[in-house]
Every structure is written in C-alpha cells, then in structure tokens.
A.B. asks: 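Please find one structure pasted underneath; my questions will follow.
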2 protein chains.
Amino acid sequence: MDWEPPVRVGTSVHEHLRAKILTGELPPGARLAVPALAKQLGVSRSPVRDAVLQLVREGLAIEEFNRGAVVYLPPQPALVSLYHAREALEGMAARLAASSISDATLADLDAVLTEHESIDPDDFHRHIDLDARFHRQIRDAAASPVLIRMLEEIQGQVIVAMRSTNLSGGVHRATADHRAILDALTQHDPDAAEAAARNHISRLTGILEQGGEAAQ
Amino acid sequence: MDWEPPVRVGTSVHEHLRAKILTGELPPGARLAVPALAKQLGVSRSPVRDAVLQLVREGLAIEEFNRGAVVYLPPQPALVSLYHAREALEGMAARLAASSISDATLADLDAVLTEHESIDPDDFHRHIDLDARFHRQIRDAAASPVLIRMLEEIQGQVIVAMRSTNLSGGVHRATADHRAILDALTQHDPDAAEAAARNHISRLTGILEQGGEAAQ
DNA sequence: ACATGCAACACTGCATGCAATGTTAGAAAC
DNA sequence: GTTTCTAACATTGCATGCAGTGTTGCATGT
C-alpha cells in the first residue's frame, strides 16, 4: 500500500507564509523574524527557519544580514529578468497544453475569462486574482512537473509585483490577450498558443522596461 | 562600505555535495544521511540538513521517508519535462545573449567548441564537461539573474542524467548544433540564436522520448 | 532451509541552548 | 538641539537533545 509521509510542520509554515505574502497580508518590506513567527505560530524556530529559507530561495523574501528576512519586491531590472523567464516558460506551457488540454479545462478557462471580461476595470484585486487563475490553469494543463514547479515560483513573484506596481497593462488588454491564448488552445494549435502566450508576456515586459507606469 | 555576509557552513556543505553529485562521485542512489555526512565533514547536523534539503528542492536528491535522502536520477518522463523547460529557457538565454554577447565571450565559446569538435567521440567524460561549459557560458552571457538561476538548476540535473544515460545524441551532432548556435550568436541574431538553441534541445528531447538509446 | 519475531540500530524532524553580531534607544556631553 | 557613547536587546547560524518511526539482522522455531 502506498504511504503518504506525515505532514511536516515546516511545510505548513511555508505554505502559511507564502499565502500571506501572495494575498498582500505580508507586503514587501514586512519582516520575517524567525523567533517572532515561531512564537506567533506556536512552533519552535527550526521549522520556521526552514520555511523562511525556502521563501528566500523562491525569491519571495530576501535576507537582511543579522536582521532577519523581509518580504521582497524585486527592483525593476530583476522583474525584467523574471519576465523573460516567464515568457519562455509560459510559452512552452501553452504549447504543451494545446496538445493535451481537455474540453473540461477549456470550459473552465472560458468561465474564468468570461468573468474576467466583465469585471469593473478598476477592481485590481479581482483582476489580479482572475489573471492568476487563468495562468495557473494553463500551467497545470501543461502537465509537465518541472515546468509547473518553475512557473509556480515565477507566478508567485508576479502576483507580489502586480500588487505593488502597475504592470497589469490594463484589464482590457489582458483579457484580449487571454482570449487569443484560449482561442489557440481551443483549436489545439501549439504554435499559435505559444505565440499568443509569449506575445502576452512580452507586451508586459515592454511596459515594464518603459517604467511600469503604462497601466490602464 | 559594502559588507559581504560571512560564509555560512550550510552553503559550503551544499556546494560540496552538489559538486560531488555533478562529478559522479556521488552517483544516483548514493545515500545522503545527515548524521553520517555531518560526522564525515566535521560539522553539526543543522547545516548538513539545510544543504540536503536544498539538494532535494533542486531536484538532485529525493527523500526516502525516514531513511534519509538519496541522489536522484529522474525517471524518463520527468526528464522529458525537464527538457521541455530546458528548451524554453535555453532558447530565451540564447536570444538574450545574442544581443549583448561580447567578442571576448564569443572567442571563449569558439575555443570551447573547437576543442569539443576535436575530442575522441568515445570520451564521454570530456564530452559532458565541454558540453556543460558551452551551455554554461551562453547561460551566463544572457545576464539575466532569474534565467541563470533556473538554468543552473536544470543544467545540474542534465549533467547527472547525461552521466547515467545515453542522451548526448552523439558528440558530432552536438558540436554541429553548438556550431549553429554560435554562428547565430556571432551574427547577433536573436531569432536565429533562439531557434538554433531550441532545435538543439528539442532534438535531444526527441531522443529521450524514443528511449534515450540513440547516442553515438 | 526457511519463515517469524524481536531487539538493537539509524535516521528524521522538531525543540532548545549558545556565542557572535548587528540594532536601537536613551543618557550624557557639547 | 544635536551628536556620541553605551548598554540592553534582538536575531542569526550552528550545536545538540529527544521522541517517533522505519530498517536490519540475528536468534529461534518449525
């Protein structure tokens, strides 16, 4: 019989902190002092230390020497680099997904996108959430474990960055791009899907390089 | 004045173990028991534990419940996934490098490739080393921190996999592909560089999917 | 010879102690 | 009011203790 290893406290703490960073409850600059978190969460310092170290390796936090880690918002040049990796990986994810995506997943994507197309363009919280859900579903549809793991990491950082800077590129442009991606996926056309996904991200990279202030 | 944080024991241990895995001194299956390593390296278990955890997150080791971690060779489907991510990221690295690469780096690449073209095709150790150096230099020439970090991880796993399976695709094909990539870089042609890099990796993916026995 | 049971062992993950070191706030001096 | 010194404080990374749990190998019985 298969056996699932017991849940590790360190893993739970990591997920807990990661979630709080992604929702913005722990915004960039928030301190992640191990003793304080351990006391607050009612566990010892060891698992908390593991969790914080992992957040640092994920790029969601940065160490300030002998002062503990803080939630991290990469500076603009690092975001450009992040978006280059994102373009490559999301392109490949769309390519792979195009071949194998199921009708059920296509329907889910359409539901998310249709909702996205109808929201108040000023409702950034909802925009970020729907955007993340769309990209997450394509990522998972690619069904490629390494790709999924790397995109999880990138998309986490993207959410923090979107929340802190105006790099959405506008809700309408985003949903138009998403519609193009979904159309290509619906036609199971890998080349078109990759091109559409890369075009979407590379447009955002362009905005970023011009100062990240082009939203709306 | 800038201050470089003191070297952490855990980091040294991680680099030490990583190097031993990449050289094959610790082959897939080798046990990474924390107490044993700590005793052998003359440090306590804490930094060794950190190092092993990081190796697991890097994909170079896998945990066997309550028996410690062992050096990991991903099964074939996971390698295909690894190569999909590799294709996307190496393609983007070549694209970025094409714009910014210096004449000095081009000369270095040519030196590595020229040496590679002249080796005994049966000298796999040297083939793996020269192959890794070529890809590493392009990766670094891309000068994109996120891309570099992710490709470091992928290329580490690739070295382990090459050492254990016949997926080089043949020394001559490899150097021919590399020559095409270097030509595109020399012409500072991003599209051609990306296409050549992706073509190189995707050919290897094909070999992998057909059973990984097509070397020579 | 082979299966079974059991005791010794090994390893993990979490808790906690500790020395080193950076930070900070307040008192003291100017 | 501003600067300087200093002492208390906080945090880190490493060391080590410990309970829980899986593994291993040997003795024992059939």
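Convention: sequence-line order gives letters A, B, ...; per-chain numbering from 1.
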A.B. asks: When you measure from the side chain of B:Q76 to the backbone N and O of B:L208, does any donor-acceptor pair fall under 3.5 Å?
C.D. replies: yes
A.B. asks: Return whichever of A:T11 or A:R31 has its heavy-atom-nearest nucleotide of DNA chain C closer to the 5' end.
C.D. replies: A:T11
A.B. asks: Expressed in angstrom and rounded to an integer, what is the separation of A:E64 atom CD from D:dT11 atom C1'?
C.D. replies: 12 Å
A.B. asks: Please walk me through it: do A:R49 and B:D50 pass salt bridge (Lys or Arg N to Asp or Glu O under 4.0 Å)?
C.D. replies: CA-CA 10 Å; A:R49 181 164 197 277; B:D50 285 353; 2.8 Å; yes
A.B. asks: Just compare C:dT12, D:dG13, D:dT21 and give me whichever is closest to any side-chain atom of B:F65.
C.D. replies: D:dT21
A.B. asks: With sequence neighbours left out, write down each residue that passes ring-ring contact (aromatic ring centres under 6.0 Å, His included) with A:H116, or none if nothing qualifies.
C.D. replies: A:H127, A:H178
A.B. asks: Taking the side chain as every heavy atom from C-beta outward, state whether A:R163 and A:I21 have any pair of such atoms under 4.5 Å apart.
C.D. replies: no
A.B. asks: Quickly work out the B:R8 CZ to C:dT21 P distance and round it to whole Å.
C.D. replies: 16 Å
A.B. asks: Under 4.0 Å from any atom of DNA chain D, heavy atoms only: list the residues of residues 38-59 of chain A that qualify, in numerical order.
C.D. replies: A:R45, A:R49
A.B. asks: Going by heavy atoms in the side chains, are A:H14 and A:E58 under 4.5 Å from each other?
C.D. replies: yes
A.B. asks: What's the closest nucleotide to the B:R67 side chain, out of D:dC14, D:dT24, C:dG13?
C.D. replies: D:dT24
A.B. asks: Could you tell me whether the side chains of A:E90 and A:Q155 share a donor-acceptor contact shorter than 3.5 Å?
C.D. replies: yes
